[in-house]
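Beneath this line is the structure, given in structure tokens, with notes to follow.
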Amino acid sequence: MVTKIMNDKIYDISIIGGGPAGMFAAYFARLRGLNVSLIESLPKLGGQPETLYAQKHIYDVAALPKISGTDLIKQLTDQLSILDCDKYLNTSVSSIDRKDNLWQLTTNNETIQTKAIIVAIGNGSFQPRKLTFDYAPELEDKNIEYFVNSIDGFKDKDVLVAGGGDSAVDWAIDLSKVAKHTSLIHRRNRYRAMESSVKKLDDSTVEQLNPYIIKNVDFNSDNHNKIDVTLKMIKTNDIKVITTDKLLVNYGFVSDSKILRDWNINLEGPFIKVSQEMETNLPNVFAIGDIVTYPGKLQLIAMAFAEGPIAVTKALRNLYPEKDYFEHSTSIFEK
Ligand SMILES: Cc1cc2nc3c(=O)[nH]c(=O)nc-3n(C[C@H](O)[C@H](O)[C@H](O)COP(=O)(O)OP(=O)(O)OC[C@H]3O[C@@H](n4cnc5c(N)ncnc54)[C@H](O)[C@@H]3O)c2cc1C
């Protein structure tokens, strides 16, 4: 893919992946006075806690006895906003190339230039699991959505939510508060969501359509702003066509870390091999979080939080040896 270098900006560190590992590493690098970009393929930061288990609770992050996935990401976002860095959302890095001692990151948008890279891509790039049949591409983002970018887009609309996990159930409940009418379609009679969320769903105005699968989506012939969603009841020939404004599909996410194979980076299985200082085999390319392996590695947020400062400190030593002195944050903020 050929992308243009849109500006002359050269970052000290570009962090690929805006999950917990990347977010904290970005903050720590800013704390050390570095010029940082944080690149995330999804429309929002947060990685697995925000995308896969927003409402579940985490009990093993130091000093936080119990925190939901989404609240942890809110805390990280608030912390990052204190020193802020350049964030590139909806931006997926496809390749990294070395030129004139700099790294060039090719993305689906622009090319980003940087002196060092921290790869924090977790299990790889998340993509929403999509409807499996063909539909008119114009419907996507207008009538068919895979993310809620703005709740206002659902205000006073007829809405169908598809899926049976936490995200689908929670969105159906939340959207029913602003939408004209909300239905939830699931292919089973039981949801895979938390009991408390299912109870809220039962107490809400959401119409529950199960066990149904979606067979087709097309423009409504009378009103092109609406869509006809064809549903089939599981194990029967019962077909239902519902005319609606919006279909929000929440079938979960698929991840892919295969791109790494083209980056000439040493792997062990699907993971990046790193040294004690989080170095990869490539100059000034570090890796942290779920994507790395080393003796004793655990795929835990607590470990990802520790790996960021190690990688940033080594990068700082390589790039600016004269700045290589240690200071606690208490002293840095006093200045
Ligand atoms: C259900 C569940 C429960 C869990 N519970 C706990 C728990 O209780 N305690 C705990 O410590 N851990 C828990 N974990 C694990 C924890 O969430 C992970 O260890 C943590 O999210 C790893 O963070 P990360 O930043 O390395 O990766 P991720 O959170 O996976 O974030 C990586 C980010 O990189 C982005 N990305 C990937 N490829 C690219 C690319 N090419 N370009 C741009 N962006 C890219 C992705 O979209 C993603 O946002 C749980 C995980 C799951 C699935």
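Quantities reported herein were computed from a predicted structural model and do not represent experimental measurements. Whatever order the structure lists them in is the order used to number ligands and atoms, beginning at 1.
- Of all non-hydrogen atoms in L38 and G17, the two that sit nearest each other are CD1-O, 3.6 Å.
- An N or O contact shorter than 3.5 Å links E40 to ligand 1 by distance.
- A salt bridge is absent between D156 and K180: the closest approach of a Lys/Arg side-chain nitrogen to an acidic carboxylate oxygen does not fall below 4.0 angstrom.
- Scanning both residues, A25 and I288, for their nearest heavy atoms gives CB-CD1, 3.7 Å.
- Residue nearest to atom 11 (O) of ligand 1, selected from I301, L76, V93, I291: I301 (by heavy-atom distance).
- Between F305 and V61, some side-chain heavy-atom pair lies under the 4.5 Å cut-off.
- Of all atoms in ligand 1, listed by their number and element, those nearer than 4.0 Å to a heavy atom of I16 are 40 (C), 42 (N), 43 (C).
- Short contacts between ligand 1 and A21, defined as distances under 4.0 Å to a heavy atom of the residue, involve ligand atoms 24 (P), 25 (O), 26 (O).
- Interface atoms of ligand 1 facing I58, defined by a heavy-atom separation under 4.0 Å, are 7 (C), 8 (O), 9 (N).
- When only interatomic distances are considered, the shortest N/O to N/O separation between S41 and ligand 1 falls below 3.5 Å.
- Where the criterion is an N or O separation shorter than 3.5 Å, residue side chain and backbone included, G46 fails it with respect to ligand 1.
- At a heavy-atom distance under 4.0 Å, no atom of T51 approaches ligand 1.
- Within ligand 1, the atoms closer than 4.0 Å to a non-hydrogen atom of G47 are 29 (O), 31 (O), 48 (C), 49 (O), numbered from 1 in the order shown.
- For ligand 1, the atoms closer than 4.0 angstrom to any heavy atom of I39 are 43 (C), 44 (N).
- Counting heavy atoms under 4.0 Å from ligand 1, residue A120 touches it through the backbone alone.
- The protein atom (non-hydrogen) at minimum distance from atom 31 (O) of ligand 1 is G19 CA, 3.4 Å.
- Residues D170 and S197 have side chains that bring a donor and an acceptor to within less than 3.5 angstrom of each other.
- With a 4.0 Å cut-off on non-hydrogen atoms, D60 touches ligand 1 through its side chain and not its backbone.
- For atom 28 (P) of ligand 1, the closest heavy atom belonging to the protein is Q48 NE2, 3.7 Å.
- The heavy-atom pair separating A302 from D60 by the smallest distance is CB-O, 4.1 Å.
- Hydrophobic cluster membership is shared by I16 and L45, with clusters built from Ile, Leu, Val, Met, Phe, Trp and Tyr side chains linked at under 4.5 angstrom.
- Under 4.0 Å from ligand 1, not a single heavy atom of A304 appears.
- Nearest heavy atoms, A304 versus A21: CB-CB, 3.7 Å.
- An N or O contact shorter than 3.5 Å is missing between G289 and ligand 1 by distance.
- Below 30°, between 30° and 60°, or above 60°: for F253 and F147 the angle between ring planes is between 30° and 60°, a tilted geometry.
- Neither the backbone nor the side chain of V61 comes within 4.0 Å of ligand 1, counting heavy atoms alone.
- Among all protein heavy atoms, the one lying closest to atom 39 (C) of ligand 1 is I121 CG2, 3.7 Å.
- The aromatic rings of F24 and F28 are tilted relative to each other, their planes meeting at an angle between 30° and 60°.
- Within the listing of ligand 1, atoms 41 (N) sit less than 4.0 angstrom from a heavy atom of I259.
- Side-chain atoms of T106 and S94 include no donor-acceptor pair closer than 3.5 Å.
- The nearest protein atom to atom 27 (O) of ligand 1, hydrogens excluded, is given as G122 CA, 3.2 Å; this is a heavy-atom distance.
- Annotation: the span from K44 atom NZ to K87 atom NZ amounts to 15.5 Å, rounded to 0.5 Å.
- No more than 12 heavy atoms of other residues, nucleotides or ligands lie within 6.0 Å of NZ in K155, so this atom counts as exposed by the packing criterion.
- Between D290 and ligand 1, a contact under 3.5 Å exists for at least one N or O pair.
- The residue among Y88, Y53, F305, F253 with a heavy atom at the shortest distance from atom 2 (C) of ligand 1 is Y53.
- The distance from ligand 1 to the heavy atoms of T91 drops below 4.0 Å at these ligand atoms: 42 (N), 43 (C).
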